[in-house]
Amino acid sequence: MDDGHAAPNQGFDGYREYFVGKRQLQKAQEDQLREVCGARPSIFRGCRVHVNGRTDPDREELRREIVMHGGTFVHYLARPSDATHIVAEHVPTAKRRLWRVCKVVRPAWVLACLRSGKLLPWQPYAAAGTEAAAGIVASAGSPQGPRLTCKDPGFIEDFFAKSRLHHLSTWKAALREKFLDRYLRTNEGALNDLRAPPAHILHVDFDCFFATVSGIKAGYQSKTEVPLAVCHGGSSSDVASCNYAARECGIRNGMWVSKAQELCPNLVCLPYTYDAYETVSNSFYEVLEDLKAFDAVYPISVDEAVCVIDRPLDTLSCQELCIRIRAEVAERTGGCVVSIGCAPSLVLARLALKRAKPDGYLVCVKEPIKGGDTQVVSPAHLFETCTLRDLPGIGRAIAEKLLLGFTGHEHTIAQVSQLFSRSELITRLGSITGAKLADLFQGLDDVESSRMLRNPRAYFARKSLSAEINWGIRFDSVPEIDAFLDRLVQYLVSKINELCMTTSQIVLKIARRSSDAPIEPPKYLGMGDCDSFSKSCQLGLATNNPGVISAEIKAAFRMLSCPAKELRGIAVQFLKLREASTSHMPRQLRLPFSTIKPLETPKNRMKASVTELPPVVYKRATPIKDFFERHKRTSNSPSPDFTHMMSAPALCESFLGELPTDLAEEIRREHRIYQKARSSYLQSSRKKVETGVHGNTSEHILENSEILGPITFQNLTSQEKIKSLVREWISQTLRSDGPNHEDLSLFTSYLDRLISGGPRRLPALLSMARLISDQLRIHESYGDKQSFHEWEEYLVRVVLVRLNRCKQLYTQNVEILFDIYPQIDRP
DNA sequence: TTCGTGTGGTAGC
DNA sequence: TATCGCTACCACACGAA
C-alpha cells in the first residue's frame with residue numbers, strides 16, 4: 001500500500017491490512033514530523049507511550065514531543081503491555097487494577113524529561129490513583145524518595161538502577177551489540193576473519209576501575225595513598241572496588257565493608273558514580289579506536305578490551321604502543337591508569353596483564369634478550385609467576401576439583417602443569433574443560449576463546465536474554481509473586497522488543513532459602529544460603545507476548561512448589577531467540593505471494609508445500625504430566641514435592657462462601673492457575689459432546705473424500721461434533737484461564753491433517769477459523785482477559801498462518817473469504 | 001548415540 | 001539504618017528414546 005491508506009477488506013487479510021495500513025499512515029505522519037522538525041535528542045528511545053484521557057498539554061502536543069524525541073506513540077492501547085508508559089492526569093477507578101503493572105505518569109513527566117534532556121525516573125511523576133503515587137505520598141519528607149520493596153511496582157527498575165552487577169552486565173551487552181553492529185557494517189561476510197592466529201594481542205584493563213573513577217570524582221589523585229573503596233554504605237554492603245592502597249591492607253573486591261574497615265580503619269568509602277564510569281569507558285574505547293593501531297578491538301567489559309594487530313611488529317614497537325595507550329587513556333580520562341599485557345595469544349596476553357598490574361605493561365615474546373628490558377618476558381616466566389586461578393575460565397571450583405589433595409599453597413601454572421597429563425586433566429575435569437586446560441598450559445588459546453577472533457559474528461551474537469534479582473526478595477503470598485513475575489516479564493519483553501526479537505523457550509529460576517539457613521541472613525535483605533531450582537518451558541512458537549510468557553512463568557513457579565515466604569531470588573530467562581522480522585508476529589503477517597512458484601498439479605503443490613513450508617507446531621514439548629512423573633522417580637534429589645499438585649482437589653464453594661471475599665477470591669484464583677497447569681479440557685469434556693444432540697452422520701464433510709480416510713479429532717469424525725466440542729472448549733477456556741497448551745497442540749495437529757488432505761479439506765479449515773473468530777466476537781467483553789488474548793494470538797499466529805498457506809497453494813481452486821474478528825471501528 | 005533438561009561455574013567491579 | 005548478591009554463555013551429569 002504505497003499511499004499508506006487502508007485497503008478495502010479483501011478476504012481474511014482485511015483486518016490485518018486495515019491495521020497495517022493505519023499504522024503505516026500514522027508512522028508516515030510521524031516520520032514526516034521528525035523530518036520537518038529535524039533531529040532532536042532521543043530522550044524517549046525505547047519508550048512506547050500512550051496518552052489516556054484529557055491532558056495538559058493535550059494529546060497531540062504530547063504525541064509530537066514524544067515522537068520527535070525518539071519515542072513511539074501508542075495510539076490504541078489494546079492491552080496495558082502495548083505501552084511502556086501511560087500518560088494520564090488521573091487513573092480512572094475502572095483502570096486501576098488493569099494498569100497496576102504499568103508506569104502511569106502525569107504529563108509533567110514528559111515535560112520534565114524534555115527540560116532535562118534525558119529520560120527521568122517515572123515514579124516521582126506517578127499519576128494520581130496509582131500505587132506508586134500512594135508510595136510517594138506516604139514517604140514524603142524522606143530525602144531518599146520512596147523506599148521500595150519487592151512488592152512495589154517500581155522495585156525492579158529501582159534495584160537495577162543501583163546494582164553494580166546489573167550495570168556491568170548491561171554495559172557489556174551494549175558493547176557487544178555495538179561491536180557486532182560495526183563488524184557487520186564494515187566486514188561484509190567474514191572476509192576479514194582471522195584464519196591464522198594474529199601476530200600480537202594486547203589485553204588492556206583499567207586498574208581498580210570503579211575506585212579510581214569514583215576517587216577522581218571525589219577529588220583524589222588516581223594513585224592516591226588514601227585507601228578508597230566503592231560501596232553502598234553500611235557494614236554488610238559489598239566492596240565493589242578498592243584501590244591499591246586499600247589492597248595493601250588486605251581488602252579485596254567483594255569483601256564486606258565491616259571486614260574491610262576492620263582491616264583498615266582509615267578506609268574511605270565512596271558512592272557509586274555510574275554515569276562517570278560510563279563516560280570514562282566511552283573515552284577508553286574512543287582512545288583505542290582513535291589510535292588506528294589495531295586490526296580489531298574486541299570488548300571484554302566496560303573497562304577492558306582485547307586489541308589485535310595482524311602484522312608482525314618488533315618488540316620495541318609493541319612496548320611503544322603500550323606506553324602510548326597508557327598515556328592517551330590517562331590524558332583523556334582525568335588520570336585513570338590502564339595496565340596492558342601484550343603477547344601472541346589471548347591466554348599469554350592475559351597472564352602478562354596480570355603480572356603487569358598495577359600501573360604497568362608487559363610484553364611476552366618467545367625468546368626475550370637475556371638481561372634486557374624487564375618489561376619483556378618469556379611464556380615460561382609467566383607460567384612460573386602466575387597461579388592456576390590466573391588462567392581464563394579457571395575459577396575456584398575447577399581449581400579445587402583439580403587440586404583435591406594438593407592443597408596447602410597457591411600453585412603456579414608451571415607446578416600444576418607438571419602434575420597432570422592431558423588425559424589426566426580430561427579424566428578429572430571432563431573432555432572440554434580438561435582439553436582447554438591442557439591447551440592453556442602450553443600457552444595456546446582454547447577453542448572457545450579463539451572463537452572470538454575466528455568467528456566474532458557468532459561469538460558476539462546474542463543467544464539469550466535474562467533478568468535476575470536475588471536481593472530484597474521477601475514475599476508473603478503467591479499473588480504478590482505473580483504480580484512481581486508480571487513486572488519482571490514485562491521488563492524483559494520491553495528489552496526483547498528493543499532488540500526486535502522473540503523467544504521460544506523460557507526458563508524460571510528461583511533461589512529458595514536452604515532449610516538450615518536462618519530466615520534473615522546477616523546481609524540486610526540478602527538471599528543468604530539458598531538452593532536453586534529451575535524450570536524451562538518450550539513455547540513451540542516464538543513470541544514476545546507478555547501475557548503468554550507470564551502465564552507460563554507463573555505455571556512454572558507453581559511447579560517448583562516454593563512457599564512464598566521461602567523465596568529469596570527470582571530469574572527469568574528467554575532462550576532460543578529469533579529475529580522478530582523472520583518469525584510470524586501478530587498482525588504483521590506477510591503473504592509470500594511474490595515467492596510462489598507456478599505448480600502444475602495439486603499433487604506437486606502439496607509436495608512443494610511440505611518441503612518449503614514445514615508446518616508450525618504450537619506445542620508444549622514438556623507436558624506437565626511427564627514432568628510430574630519424571631520428578632516422582634527422583635525422590636533422592638532436592639527437588640520440591642509435587643504430590644499435592646498431583647491431586648489438586650475440587651473447590652468447595654460452600655466452604656469458600658464462608659471465607660472473607662478477598663481470601664476466597666485468592667483461593668479461586670490459585671485453583672484456576674493449578675487447573676490450567678494440570679487440566680486438559682479436551683480430555684475431560686469429549687464424552688459430553690459425544691453424547692450430545694449435535695450433528696448427524698449425513699452432515700459429515702470430512703470423511704466423504706474418496707481418496708483420503710476420515711480425519712478425526714478427539715476420536716470424532718463428524719465435523720459438526722468437532723465444531724461443537726471446539727465451540728464449547730473455547731467458550732469454557734475464555735471464561736477461565738485460557739486453553740491448555742497440549743489441547744492446542746492436539747487441535748493444531750488436527751488442522752495440519754486437514755491441510756495435508758488437500759483443497760477438499762479447505763472448507764473445514766475455513767470453518768474452524770470462522771468458528772474461533774465467531775467465539776471471540778461473541779465473547780468480545782472478555783477482551784481484557786488474558787485468556788482472550790491467548791485465543792486471539794492462537795487464531796492469528798496458528799490458524800491464520802495456515803489459511804495463508806492454503807491461500808497460497810489453492811487460491812485457483814477455492815474461494816477463501818475470511819473476515820477476522822474483531823469488528824473494526826472504521827474512521 | 002543423541003537430545004533435552006537441570007545444575008553449576010566463570011567473568012567483569 | 002540497613003542495601004541494591006547481574007547476566008551471558010558454556011559445560012557437565014543424567015535420563016529418555
Side-chain angles (χ1 to χ4, degrees), chain A residues 144 147-148 150 155-156 158-173 175-176 205-214 229-242 252-254 256-257 272 274 277 299-304 350 389 391-401 429-434 436 446-449 451 459-473 505 507 509 511 520-528 530-538 568-569 571 573 575 621-622 626-627 630-631 633-634 637-639:
Chain A
Q144 308 280 317
R147 185 164 296 132
L148 300 170
C150 62
F155 174 76
I156 293 170
D158 186 58
F159 172 76
F160 284 157
K162 295 165 185 166
S163 160
R164 73 185 194 280
L165 296 176
H166 171 81
H167 277 95
L168 286 170
S169 295
T170 44
W171 285 327
K172 178 171 178 165
L175 287 165
R176 287 169 69 110
D205 182 26
F206 278 71
D207 289 354
C208 31
F209 180 59
F210 281 15
T212 307
V213 177
S214 283
V230 174
C231 56
H232 275 296
S235 56
S236 75
S237 69
D238 282 352
V239 170
S241 175
C242 57
R252 295 289 176 268
N253 292 355
W256 279 8
V257 167
Y272 291 86
Y274 292 118
Y277 306 147
I300 303 295
S301 105
V302 67
D303 71 324
E304 188 178 347
R350 183 188 156 98
R389 293 282 306 277
L391 287 169
I394 307 301
R396 200 181 67 174
I398 293 176
E400 281 177 1
K401 197 170 170 184
L429 302 176
S431 57
I432 298 175
T433 312
K436 165 184 172 161
D446 59 285
V447 178
E448 180 52 34
S449 309
R451 266 183 67 223
Y459 183 86
F460 287 105
R462 180 184 276 276
K463 293 155 201 88
S464 71
L465 177 72
S466 67
E468 180 163 350
I469 299 185
N470 297 309
W471 184 88
I473 300 297
Q505 186 183 8
V507 179
K509 206 180 86 179
E520 281 308 323
K523 186 185 182 76
Y524 174 69
L525 289 180
M527 68 192 296
C530 284
D531 298 319
S532 77
F533 304 96
S534 71
K535 178 78 196 93
S536 67
C537 316
Q538 296 278 357
R568 291 291 179 272
Q573 304 171 345
L575 312 180
T622 319
D626 292 354
F627 178 73
R630 206 158 5 103
H631 282 268
R633 283 195 289 273
T634 55
S637 77
S639 297

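Computed from heavy atoms alone, side chains included, the values below leave out hydrogens, waters and symmetry copies. Residue numbers begin at 1 in each chain, while the letters A, B, ... track the order of the sequences.
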[X] has an atom [atom1]; how far is it from atom [atom2] of [N], in whole Å?
{"X": "A:Glu400", "N": "B:dG9", "atom1": "CD", "atom2": "P", "result": "10 Å"}
{"X": "A:Asp303", "N": "B:dA11", "atom1": "CG", "atom2": "C1'", "result": "12 Å"}
{"X": "A:Glu520", "N": "C:dT3", "atom1": "CD", "atom2": "P", "result": "13 Å"}
{"X": "A:Phe155", "N": "C:dT3", "atom1": "CZ", "atom2": "P", "result": "15 Å"}

Just jot down the side chain to side chain contact (heavy atoms under 4.5 Å, CB included) partners of A:Lys172, sequence neighbours excluded, or say none. A:Arg176

Between A:His167 and A:Tyr277, does the ring centre distance come in under 6.0 Å? no

Produce a footprint string for nucleotides 5-12 of chain C: one letter per nucleotide, 5' end first; B if the base is under 4.0 Å from any protein heavy atom, S if only the sugar-phosphate is, - if neither. BBBSSSSS

Students often get this wrong, so: under 4.0 angstrom with heavy atoms, is [X] touching a base, only sugar-phosphate, or nothing?
{"X": "A:Arg389", "answer": "nothing"}
{"X": "A:Gln505", "answer": "sugar-phosphate"}
{"X": "A:Ile156", "answer": "nothing"}
{"X": "A:Ile398", "answer": "sugar-phosphate"}
{"X": "A:Ala240", "answer": "base"}

Are the charged groups of A:Lys509 and A:Glu468 less than 4.0 angstrom apart, N to O? yes

Under a 3.5 Å cut-off on both pairing distances, which runs of 3 or more consecutive Watson-Crick or G-U pairs involve DNA chain C? B:1-12 with C:6-17

Taken to the nearest 0.5 Å, the spacing of A:Asp158 CG from A:Phe160 CZ works out to 11.0 Å

Among B:dC13, C:dC4, B:dT5, find the nucleotide with the atom closest to the side chain of A:Asp205.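 Nearest to the side chain of A:Asp205 among the choices is B:dC13.
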
